[in-house]
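For the single chain, residues carry numbers from 1 onward in sequence order. Side-chain atoms are counted along with the backbone in the values below, which use heavy atoms only and exclude waters and symmetry mates.
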Amino acid sequence: MTTSTFKSAGHTEGVRRPGRWLALSVLVLAVLLVAVDATVLGLATPFLSEDLEPTGTQLLWIGDVYSFVIAGLLVSMGSLGDRIGRKKLLLIGATAFGAVSVLNAYATSPETMIVARALLGVAGATLMPSTLALIRNLFHDPRERSLAIGIWGAMASAGAAVGPVVGGFLLEHFWWGSVFLINLPVMAVLVLVGVKLIPESKNPNPGPWDLPSVALSLVGMIGVVHAIKELASHGPSLDAGLAALAGAGALTWFVRRQLTLPAPLLDMRLFRHRGFSGAVLADLLTILGLSGLVFFLSQFFQLVQGRQPLEAGLAELPAAIGAVTAGLVAGVAARRFSVRSVVTAGLAAVGLSLAVLTTLDQHTGYPLLGAALLVVGVGAGFAFTVTADVILSSVPKEQAGSASAVSETAYELGAALGIAVLGSIVTGVYRGFTVPAGVPSDVASAAHESLGGAVEASASLAPQTAEALVSAGQEAFVDGLRIAAGVGAAVLLATAVAAWFLLKGQKLADGIEH
């Protein structure tokens with residue numbers, strides 16, 4: 001194709017979608033909010049613990065059921081968007097997300113909160129694949145699309161780090177439920193502007209939506225993740241074994257069913273592409289490192305170092321700055337150097353930063369923590385943005401929803417596993433701490449549930465005993481955090497090596513597509 005043809009095609013595309021950048025700004029608003037909701041709870045945890053008094057297990061479920069449900073439904077919702085229309089699904093999901101946010105804000109028991117968070121996950125699952133698939137159809141010039149995906153990826157990564165800042169500000173001025181009510185005005189803007197600006201797109205020949213596949217996908221994902229969580233928290237058990245068996249069985253059945261359906265929910269042949277599979281793996285493990293770190297550092301800054309919520313949120317801001325900056329230049333960097341070098345370097349950066357955090361103690365200064373968070377953000381921004389671009393550009397645009405759902409499933413499963421696996425390590429180590437002499441058994445039991453529980457329970461003790469109890473709890477929490485950081489570092493560095501081989505020869509597209 002000649003240069004003049006490129007220009008002509010690009011010009012035509014620009015004329016055809018004059019509002020595409022404005023439409024993008026509305027789409028990334030949804031992404032930002034879904035990502036914020038995945039992490040905003042980290043800061044609210046101490047307040048929520050005090051008000052709802054959840055057990056340690058309930059607290060973990062409140063923290064990660066949102067991501068579990070999203071991960072379980074993303075493939076189904078991506079495929080549904082391909083069928084009924086991605087814009088339609090996005091607007092329905094945005095309306096539901098706003099409504100269910102109210103239920104979260106006014107939850108009165110741990111059980112209600114877990115159900116409300118799960119319902120928020122159902123609504124969130126409609127938003128994420130729709131946004132990325134609509135970008136695929138808004139931007140036909142691969143270079144423009146790389147920048148658009150960079151902005152999208154930056155907002156997804158930034159949301160994970162901005163959540164604590166937003167949450168911190170709200171928690172200092174309002175009650176913990178306010179972290180959910182901020183969703184309402186944003187979703188209202190999304191619906192009102194989206195109706196006018198976002199063009200509808202769907203697969204012209206989608207085939208039927210297979211409900212058994214939807215059920216298998218959901219059962220499989222939740223079963224496997226629950227098994228990992230139980231295994232990490234309590235070691236091998238019958239419960240973990242049954243969940244793993246049910247989850248693995250459902251996912252195996254899901255894969256076999258997709259291979260026989262004329263119009264599958266997810267085209268499994270995509271995974272035969274080495275670059276596609278490598279990008280999905282890198283996606284998942286990048287976010288595992290980032291989300292696990294952000295979630296637990298929120299508690300470290302507040303409950304161990306005694307910072308106020310807003311100060312704790314601002315302390316995590318370098319991760320957002322790094323992710324946004326890297327996301328915007330990731331496409332250019334991948335074309336100039338190579339996809340595999342940028343992704344590998346990003347993964348290695350996250351891994352090395354986590355390794356640095358194995359030196360953490362209660363009095364670690366902020367310069368080291370801030371620098372580690374900045375490098376984690378930069379690494380995640382590069383890796384996540386380039387892999388999302390690889391995944392999206394390797395499929396026909398008719399399958400954009402399904403491919404987006406794979407990318408998003410990796411993102412949300414990574415977030416869930418980051419909190420579940422690393423969190424279960426922290427919780428497991430924490431529960432082993434020795435309670436000082438003279439602490440009543442009921443107080444000791446509450447203190448062993450969580451560090452927030454220890455701080456709350458110590459209020460009923462004599463000052464000297466209370467200080468000894470909280471100090472012992474803080475020390476155990478930091479021990480767990482160090483081990484979790486070490487596990488995260490090992491996983492990320494191993495993934496960096498795998499990505500170097502899996503992404504060999506992978507390139508981002510150039511020129512205009514038709």
Side-chain angles (χ1 to χ4, degrees), residues 41-60 62-63 109-110 164 167-168 171-176 233-234 293-316 357-370 372 419 422-486:
L41 209 62
L43 278 181
T45 297
F47 300 88
L48 192 143
S49 298
E50 185 181 334
D51 201 8
L52 302 184
E53 298 178 355
T55 64
T57 303
Q58 286 176 328
L59 199 58
L60 273 178
I62 290 169
S109 69
L171 290 166
E172 286 199 6
H173 295 87
F174 308 100
W175 99 116
W176 59 264
S233 280
H234 309 296
L293 177 70
V294 167
F295 186 79
F296 292 101
L297 277 184
S298 291
Q299 294 180 58
F300 173 80
F301 282 134
Q302 284 184 91
L303 298 173
V304 177
Q305 294 200 330
R307 299 174 194 265
Q308 292 302 308
L310 179 57
E311 186 189 356
L314 289 170
E316 294 184 5
L357 292 178
T358 58
T359 65
L360 197 70
D361 65 36
Q362 287 156 273
H363 310 292
T364 298
Y366 183 71
L368 177 67
L369 292 167
I419 293 171
L422 300 184
S424 298
I425 291 169
V426 174
T427 305
V429 173
Y430 171 80
R431 283 179 173 161
F433 83 90
T434 305
V435 175
V439 175
S441 59
D442 59 329
V443 174
S445 176
H448 273 132
E449 284 294 334
S450 68
L451 184 53
V455 173
E456 180 68 20
S458 68
S460 63
L461 303 174
Q464 198 171 350
T465 311
E467 189 181 337
L469 176 64
V470 171
S471 181
Q474 288 174 335
E475 199 173 317
F477 182 84
V478 174
D479 285 344
L481 199 52
R482 278 199 297 265
I483 294 169

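Ser458 approaches Ala466 most closely through the heavy-atom pair O-CB, 3.3 Å. When all heavy atoms of Val426 and Ala484 are compared, the closest pair comes out as CG2-CB, 3.9 Å.
No more than 12 heavy atoms of other residues, nucleotides or ligands shown are found within 6.0 angstrom of CD on Glu467.
Considering only heavy atoms from C-beta on, Gln305 comes within 4.5 Å of Phe300 through its side chain.
A ring pair (Phe, Tyr, Trp, His ring centres under 6.0 Å) check over residues 425-446, counting only residues at least two apart or in different chains, returns the pairs Tyr430-Phe433, Phe433-His448.
A search for side-chain hydrogen bond (donor to acceptor under 3.5 Å, both in side chains) contacts involving Thr364 returns Asp361, not counting sequence neighbours. Legend: residues meeting ring-ring contact (aromatic ring centres under 6.0 Å, His included) with His363, ordered by chain and number and at least two apart, are absent. Here Phe174 pairs with Leu170, Ser178 under the side chain to side chain contact (heavy atoms under 4.5 Å, CB included) rule; sequence neighbours left out.
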Practice task
Step by step, work out the side-chain contact (heavy atoms from CB on, under 4.5 Å) result for Arg307 and Tyr366.
Solution key: CA-CA 12 Å; Arg307 299 174 194 265; Tyr366 183 71; 4.0 Å; yes
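Note: Ile483 CD1 to Thr358 OG1 = 11.0 Å, rounded to the nearest 0.5 Å.
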Would you list the atom pairs, donor with acceptor, under 3.5 Å between side chains in residues 468-482 and any protein atom, with sequence neighbours excluded?
| residue | atom | partner | partner atom | Å |
| --- | --- | --- | --- | --- |
| Gln474 | NE2 | Leu303 | O | 2.7 |
| Asp479 | OD1 | Arg482 | NH2 | 2.3 |
| Arg482 | NH1 | Leu360 | O | 2.6 |

